[in-house]
Amino acid sequence: MEDDFCSVCHGSFNIPCQANCSHWFCGKCILLVWHHGSPLQPCKCPLCRRNITLLVPSETSSRRNQDPEVVDTLQKIERYNRLFGEGGGGIFQRMQDLPFLLKRLLRELMDPQRSLPLVIRARVYIAIIVSFLYVVSPVDIIPEGLFGVVGLLDDLIVVLTVFLHVAAVYRSVLLFRHGGSGGGSSS
């Protein structure tokens with residue numbers, strides 16, 4: 001977590017949450033920021049001013065679910081995610097969220113302690129393998145031999161499309177875990 005303090009209250013984290021912009025906040029603090037704005041729109045990150053469309057509580061917060069204060073805050077985060085996480089914004093928002101989602105996904109794929117569903121793992125691996133095979137194969141929509149550097153455009157589009165698809169799949173997992181599809185707080 002960045003510097004181990006909340007940028008809203010400037011104290012140690014209490015129920016730390018990571019926003020889709022990769023910044024960390026206390027769960028209560030970021031919800032207060034949202035409540036001071038419009039309840040019909042996602043709040044903006046106090047640091048980078050991007051719309052926060054997804055809040056992901058840390059695993060330690062999710063494990064402390066016996067404490068009524070933690071349970072209440074996690075329920076409010078789930079409600080926030082149900083309200084603003086499903087849409088994920090337009091293509092620009094999705095591209096901005098790409099580094100956050102891919103970094104979390106890679107960390108989860110490499111960690112044997114985390115439980116990413118087998119179906120999701122398979123979809124991610126298949127998408128990456130198929131895109132890799134397309135990029136290295138001589139078959140192209142726009143051949144590099146004829147169009148030079150412009151011929152690489154289709155390869156870049158395929159890779160970007162695959163990354164956006166993989167990020168969307170992983171975002172749906174996070175939403176399921178943290179409230180978007182009725183999922184609980186079990187990480």
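What you see is a predicted model; the values in this text were computed from it and never measured.
- Hydrophobic clustering places L102 together with I91 (ILVMFWY residues linked when any side-chain heavy atoms are closer than 4.5 Å, directly or through intermediates).
- The stretch residues 34-45 participates, sequence neighbours left out, in these side-chain hydrogen bond (donor to acceptor under 3.5 Å, both in side chains) pairs: K44-N51.
- Judged as a side-chain contact (heavy atoms from CB on, under 4.5 Å), and not counting sequence neighbours, the contacts of S7 are F25, L47.
- At a threshold of 4.5 Å between side-chain heavy atoms, the hydrophobic network of Ile, Leu, Val, Met, Phe, Trp and Tyr places V136 and L156 in two separate groups.
- Residues forming a side-chain contact (heavy atoms from CB on, under 4.5 Å) with L32 (at least two apart in sequence, or on another chain): none.
- Remark: C48 pairs with C21, H23, C45, R50 by the side-chain contact (heavy atoms from CB on, under 4.5 Å) rule, at least two apart or across chains.
- Atom CZ of R121 is surrounded by more than 12 heavy atoms from other residues, nucleotides or ligands within 6.0 Å.
- Criterion: ILVMFWY side-chain heavy atoms under 4.5 Å apart, direct or through other members. Under it, I52 and L40 are not part of a common hydrophobic cluster.
- With sequence neighbours excluded, the residues satisfying side-chain contact (heavy atoms from CB on, under 4.5 Å) with F100 are Q18, N20, S22, L54, V56, R104.
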- request: Decide side chain to side chain contact (heavy atoms under 4.5 Å, CB included) for D97 and T53; before the verdict, give the C-alpha distance in whole Å, the side-chain angles of both, and the deciding distance to 0.1 Å.
  value: CA-CA 9 Å; D97 292 350; T53 58; 3.8 Å; yes
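- For D155, there are no side chain to side chain donor-acceptor pair (under 3.5 Å) partners, not counting sequence neighbours.
- Side-chain atoms of S137 come within 3.5 Å of backbone atoms of Y134 as a donor-acceptor pair (strictly under, hydrogens ignored).
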- prompt: After noting the C-alpha distance and the side-chain angles of V173 and L105, does the key distance pass the side chain to side chain contact (heavy atoms under 4.5 Å, CB included) rule?
  reply: CA-CA 10 Å; V173 169; L105 174 63; over 6 Å; no
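- In terms of heavy-atom proximity, G85 sits nearest to R171 at O-NE, 3.3 Å.
- Annotation: salt bridge (Lys or Arg N to Asp or Glu O under 4.0 Å) contacts involving residues 21-35, sequence neighbours excluded, comprise K28-E69.
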Can you give the donor-acceptor pairs under 3.5 Å from side chains of residues 123-132 to other protein atoms, not counting sequence neighbours?
| residue | atom | partner | partner atom | Å |
| --- | --- | --- | --- | --- |
| S131 | OG | A127 | O | 3.2 |
| S131 | OG | I128 | O | 2.9 |

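- Scanning all heavy atoms of the two residues, the minimum distance from I77 to G27 falls at CD1-CA, 4.1 Å.
- To the nearest 0.5 Å, atoms SG (C17) and CG (L31) are separated by 7.0 Å.
- Membership of the apolar cluster around L106 extends to M110, as traced through chained side-chain contacts below 4.5 Å between ILVMFWY residues.
- Listed by chain and residue number, Y170, R177 satisfy the side chain to side chain donor-acceptor pair (under 3.5 Å) test with E108 (two or more places apart in sequence, or in another chain).
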message: Working note: H165 + T161, criterion side chain to side chain contact (heavy atoms under 4.5 Å, CB included); need CA distance, chi angles, decisive distance, verdict.
response: CA-CA 6 Å; H165 171 72; T161 303; 5.6 Å; no
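- A pairwise comparison of heavy atoms in V8 and P46 identifies CG2-CG, 3.9 Å as the closest pair.
- To the nearest 0.5 Å, atoms CH2 (W24) and SG (C29) are separated by 14.5 Å.
- Residue I157 is found in a hydrophobic cluster whose other members, listed by chain and number, are L153; membership requires side-chain heavy atoms under 4.5 Å apart, directly or through intermediates.
- Summarising the geometry, atom CG belonging to L174 is positioned 11.5 Å from atom CG belonging to L55; distances are rounded to the nearest 0.5 Å.
- Between the Y80 side chain and the I30 main chain, no donor and acceptor come within less than 3.5 Å of each other.
- A distance of 9.5 Å separates CZ in R79 from NZ in K76, rounded to the nearest 0.5 Å.
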